[in-house]
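Report on the following structure.
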Amino acid sequence: MKLEQKYLDICYINAMIMQYTDILKAEGFTIKPLPLCQNPHIDLYAYKGDEKRIYEFKYYKNTSSINTKKSNLKTIKKYAKTIGAEAFIVYLTPLKEKTIEFEDLESKILGYIVEENFPEELDSLSTHTSIKSIYIDSINSISISETSINISGDATISVSLQYGSNSDLQNGDGDESSESFPMTFDADLDCNLNIIKCQYEIDTDDFYK
């Protein structure tokens with residue numbers, strides 16, 4: 001299941017608050033929650049001796065919110081003054097998903113694996129193992145030079161497992177099943193997008209558990 005952007009935003013802002021908390025603690029500050037009745041949306045309150053700070057973390061996704069920015073800053077500063085604290089508003093840029101598409105990369109990797117050298121870690125799983133498909137979960141890096149393209153990422157490889165011969169299956173003495181395993185890949189392609197070489201690792205540990 002793909003995590004929706006609104007949930008990614010929540011994770012990001014919470015992670016940023018945690019990071020600021022750790023930094024402030026390392027600087028000798030004590031972190032303390034403010035009473036809700038006094039707290040005009042303050043995310044973080046820290047103090048060290050007579051020094052007090054309040055932090056508010058906010059997303060602003062477009063320029064039309066500039067008036068909201070000024071209004072919030074005024075409210076926060078006014079509240080900070082009443083408790084003798086310095087106000088900080090941390091404006092966050094939303095995480096944006098980057099889409100990278102590479103046509104036929106899955107089939108190219110599949111063809112390379114089948115044609116070059118069938119993986120022993122898959123072949124040993126059954127009497128007859130065949131690869132059904134490869135699904136690329138993520139592309140982690142792309143490096144382009146004058147003569148080649150390097151792509152690395154994570155994928156899922158799906159296989160069919162046949163136990164016994166075809167005649168065993170027909171006689172009811174064999175069995176068939178399907179499994180999927182995580183894999184990583186690092187592929188070099190030429191300028192015509194044909195795979196020169198592809199290093200990969202397939203994790204079949206869960207099969208034996």
Side-chain angles (χ1 to χ4, degrees), residues 1-26 43-44 55 57-63 65 90-126 129-161 177-209:
M1 179 185 295
K2 183 179 178 181
L3 198 61
E4 294 181 20
Q5 184 64 45
K6 61 181 179 181
Y7 299 112
L8 287 173
D9 289 347
I10 294 171
C11 293
Y12 182 50
I13 197 169
N14 287 337
M16 188 63 72
I17 292 172
M18 291 172 63
Q19 179 172 303
Y20 267 73
T21 297
D22 289 342
I23 291 172
L24 290 167
K25 285 182 176 179
D43 291 315
L44 193 60
Y55 290 82
F57 297 80
K58 293 186 177 296
Y59 277 119
Y60 288 101
K61 302 185 180 182
N62 52 62
T63 55
S65 62
V90 181
Y91 295 110
L92 306 177
T93 302
L95 293 172
K96 295 182 179 179
E97 182 180 10
K98 294 178 176 61
T99 301
I100 302 175
E101 295 184 359
F102 197 106
E103 187 176 1
D104 293 334
L105 181 59
E106 293 162 334
S107 61
K108 290 177 184 292
I109 294 176
L110 174 58
Y112 181 91
I113 292 176
V114 172
E115 293 171 10
E116 291 295 319
N117 190 14
F118 198 89
E120 172 61 28
E121 59 266 48
L122 296 181
D123 195 35
S124 62
L125 297 178
S126 69
T129 303
S130 59
I131 301 175
K132 296 195 297 184
S133 64
I134 290 177
Y135 175 78
I136 293 178
D137 300 304
S138 64
I139 293 177
N140 300 330
S141 69
I142 296 179
S143 178
I144 302 175
S145 68
E146 292 183 358
T147 58
S148 65
I149 302 171
N150 176 266
I151 302 177
S152 66
D154 302 309
T156 299
I157 185 166
S158 298
V159 299
S160 293
L161 306 178
S177 65
S178 297
E179 296 285 348
S180 295
F181 304 102
M183 66 174 289
T184 59
F185 65 89
D186 190 313
D188 291 325
L189 296 85
D190 61 24
C191 294
N192 293 319
L193 305 183
N194 297 311
I195 292 183
I196 303 171
K197 66 177 181 178
C198 180
Q199 297 178 322
Y200 57 87
E201 291 186 4
I202 302 171
D203 184 358
T204 60
D205 288 350
D206 283 348
F207 181 81
Y208 300 100
K209 293 180 180 178

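The first residue of the sequence shown is numbered 1, and numbering continues consecutively from there.
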Output the distance between atom [atom1] ([X]) and atom [atom2] ([Y]), rounded to the nearest 0.5 Å.
| X | Y | atom1 | atom2 | value |
| --- | --- | --- | --- | --- |
| Asp137 | Asn140 | CG | CG | 10.0 Å |
| Asp104 | Glu106 | CG | CD | 9.0 Å |
| Ile142 | Ile144 | CD1 | CD1 | 6.5 Å |
| Ile109 | Ile131 | CD1 | CD1 | 11.5 Å |
| Asp154 | Glu201 | CG | CD | 11.0 Å |
| Thr204 | Glu120 | OG1 | CD | 10.0 Å |

Tell me yes or no: between the side chains of Asp190 and Ser148, is some donor less than 3.5 Å from an acceptor?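 Note: Asp190 and Ser148 side chains miss the donor-acceptor criterion.
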Thr184 and Asp186: side-chain donor and acceptor closer than 3.5 Å?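 The criterion, which ignores hydrogens and geometry beyond distance, is not satisfied for Asp186 and Thr184.
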Side chains of [X] and [Y]: does their closest heavy-atom pair fall under 4.5 Å?
| X | Y | value |
| --- | --- | --- |
| Ile195 | Asp188 | no |
| Ile157 | Leu122 | yes |
| Ser178 | Lys132 | yes |
| Leu92 | Tyr12 | yes |
| Phe185 | Gln199 | no |
| Ile134 | Ile113 | yes |

Between Lys108 and Leu193 (side chain of the first, backbone of the second, donor and acceptor by atom type, cut-off under 3.5 Å), is there such a pair?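 Answer holds: yes.
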Identify which one of Asp43, Leu24, Thr21 satisfies the side chain to side chain contact (heavy atoms under 4.5 Å, CB included) criterion when paired with Tyr55.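 When Asp43, Leu24, Thr21 are each tested with Tyr55, the side chain to side chain contact (heavy atoms under 4.5 Å, CB included) holds only for Leu24.
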Go through the steps for Phe57 and Tyr91 under the test ring pair (Phe, Tyr, Trp, His ring centres under 6.0 Å), then give the verdict. CA-CA 6 Å; Phe57 297 80; Tyr91 295 110; over 10 Å; no
Passes side-chain contact (heavy atoms from CB on, under 4.5 Å), Asp205 versus Phe181? Steps please. CA-CA 9 Å; Asp205 288 350; Phe181 304 102; over 6 Å; no
For side-chain hydrogen bond (donor to acceptor under 3.5 Å, both in side chains), just list the numbers for Ser152 and Ser141, CA-CA rounded to whole Å, side-chain angles, deciding distance to a tenth of an Å, and then say yes or no. CA-CA 5 Å; Ser152 66; Ser141 69; 2.6 Å; yes
Test log, rule side-chain contact (heavy atoms from CB on, under 4.5 Å), inputs Leu161 and Phe207: CA-CA 12 Å; Leu161 306 178; Phe207 181 81; 3.7 Å; yes
Verdict with supporting geometry, Ile149 and Ile151, side-chain contact (heavy atoms from CB on, under 4.5 Å): CA-CA 7 Å; Ile149 302 171; Ile151 302 177; 3.9 Å; yes
Aromatic centroids of Tyr112 and Tyr200 separated by under 6.0 Å: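 Ring centroids of Tyr200 and Tyr112 are no less than 6.0 Å from each other.
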Which atom names give the shortest non-hydrogen contact between Thr156 and Met183, and what distance separates them?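 Result for this residue pair: N-CG, 4.4 Å.
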Please lay out, stage by stage, how Leu125 and Glu179 fare under the test side-chain contact (heavy atoms from CB on, under 4.5 Å). CA-CA 10 Å; Leu125 297 178; Glu179 296 285 348; 5.9 Å; no
Give a yes or no on whether Phe118 atom CZ has more than 12 heavy-atom contacts from other residues, nucleotides or ligands under 6.0 Å away.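 Result for CZ/Phe118: enclosed.
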